[in-house]
Amino acid sequence: MTGRRHSTRRPCRSILVTGVLGLLEMFTDSYGYRSQARRPVTYLALGVAMMVVYLCITLDMGQLLIALALVYLALVLRRLWLNPIKGFRLGRGWVEIYRPRGVECINFTDVASVTVCRTNKGQTACFLNMETGDVLPLPGAEKLEFEKLIGEFGLRGVRVLV
C-alpha cells in the first residue's frame, strides 16, 4: 500500500443536478481554451461533401468516383458525430479538462501546484501537480499566453511553479 490519498476527481455535474449551486457556478468568471470538431469549417466540409456526392450521382460519373465521394462524406459525418474535443476551463475553485473521452472536473483542493513552462518550440505547456503525486497535462494550454495563464492560476489561489 502506498499510502496515497484518494483523489476526488469526478465527472462534471450538469447545471440541472446542482440546482442553486449550479446557477452560482454559471456566473463565475472562467478562463480557458477549448477546441472541438463542430465548427464552421467542418460544416463547410460537410456541405462540399454533400454537393460532390449529388453532382457525382446526377452527372452519372463513374462508380469509383461516387464511392470515393461517399467515403469522404462518411468521414466528415463521423467527425461531426464523435466531435473530438480538447482543452480546459478554469472556474473559481475547479478546472474542467476536456478530452475526447469526456469532461473531468478537478477541485483545486486536490492540486498541490501548477507547473507552467515553455516548450522547445516556444509554446506554453501546463501541468497539474496533484496531491496524490500524479501529473496531469492541460490540453490546449499551448494556445494561451504564458504570463496570462500564470496570472489566472494565481488569481485562483493555486501555487504556480515556473
Side-chain angles (χ1 to χ4, degrees), residues 1-49 72-162:
M1 192 108 200
T2 60
R4 288 185 179 179
R5 195 178 101 202
H6 179 66
S7 174
T8 58
R9 288 188 269 170
R10 58 179 167 67
C12 290
R13 300 171 290 173
S14 74
I15 297 297
L16 294 174
V17 173
T18 58
V20 174
L21 292 175
L23 290 175
L24 291 174
E25 288 180 4
M26 269 181 38
F27 297 113
T28 303
D29 291 335
S30 63
Y31 174 79
Y33 174 81
R34 188 173 87 169
S35 173
Q36 61 184 11
R38 290 186 185 149
R39 54 183 185 236
V41 173
T42 312
Y43 285 107
L44 181 66
L46 176 63
V48 168
Y72 175 67
L73 178 63
L75 289 174
V76 172
L77 286 173
R78 179 183 179 273
R79 181 161 175 80
L80 283 170
W81 179 268
L82 294 177
N83 192 28
I85 189 170
K86 169 182 146 178
F88 72 96
R89 184 174 71 156
L90 298 176
R92 190 171 287 169
W94 43 261
V95 59
E96 291 177 350
I97 300 176
Y98 301 101
R99 294 195 173 103
R101 295 186 183 131
V103 180
E104 182 178 14
C105 283
I106 299 173
N107 291 326
F108 285 145
T109 56
D110 296 333
V111 178
S113 63
V114 174
T115 303
V116 181
C117 58
R118 293 199 190 269
T119 63
N120 294 340
K121 297 177 182 177
Q123 295 178 330
T124 304
C126 185
F127 302 94
L128 296 177
N129 305 312
M130 306 301 291
E131 292 284 343
T132 59
D134 296 335
V135 177
L136 300 175
L138 276 184
E142 63 274 1
K143 304 286 185 186
L144 301 173
E145 295 178 25
F146 183 75
E147 293 81 14
K148 179 77 172 162
L149 190 58
I150 292 171
E152 289 294 332
F153 275 110
L155 286 174
R156 288 163 172 80
V158 180
R159 191 176 73 166
V160 180
L161 306 174
V162 180

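For Val41, there are no side chain to side chain contact (heavy atoms under 4.5 Å, CB included) partners at least two apart in sequence or on another chain. Taking the side chain to side chain contact (heavy atoms under 4.5 Å, CB included) definition, one finds that Ala45 meets it with Tyr72, Val76, sequence neighbours left out.
Side-chain polar atoms of Asn107 and Thr109 form no donor-acceptor pair below 3.5 angstrom.
Here Leu90 contributes atom CG and Ile97 contributes atom CD1; the two are 9.5 Å apart, rounded to the nearest 0.5 Å. One distance of note links CZ of Phe127 with OG of Ser113; it measures 12.0 Å at 0.5 Å rounding. To the nearest 0.5 Å, atoms CG (Leu82) and CZ (Arg38) are separated by 9.0 Å. Distance check: Arg79 CZ to Leu46 CG gives 13.0 Å after rounding to the nearest 0.5 Å. Note that the CG atom of Leu128 and the CZ atom of Phe108 stand 8.0 Å from one another [nearest 0.5 Å]. To the nearest 0.5 Å, atom CD1 of residue Ile150 and atom OG1 of residue Thr115 are 10.5 Å apart.
Counting heavy atoms from C-beta outward, Val135 and Met130 have side chains that stay 4.5 Å or more apart. Counting heavy atoms from C-beta on, the side chains of Glu142 and Thr119 never come closer than 4.5 Å. A heavy-atom distance below 4.5 Å is not found between the side chains of Val95 and Val158. Two residues are said to be in side-chain contact when any heavy atoms from C-beta on lie closer than 4.5 Å; Phe88 and Leu144 meet this criterion. In this structure, the side chains of Val114 and Arg159 stay at 4.5 Å or more apart for every pair of heavy atoms.
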Test Leu149 against Leu138 for side-chain contact (heavy atoms from CB on, under 4.5 Å), laying out the working first.
-> CA-CA 11 Å; Leu149 190 58; Leu138 276 184; 5.5 Å; no

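Across every non-hydrogen atom of Cys105 and Glu96, the tightest pair is SG-CG, 3.6 Å. Between Cys126 and Val116 the shortest heavy-atom distance is SG-CG2, 4.0 Å. Counting all heavy atoms, side chain and backbone alike, Gly140 lies closest to Lys86 at N-CE, 3.8 Å.
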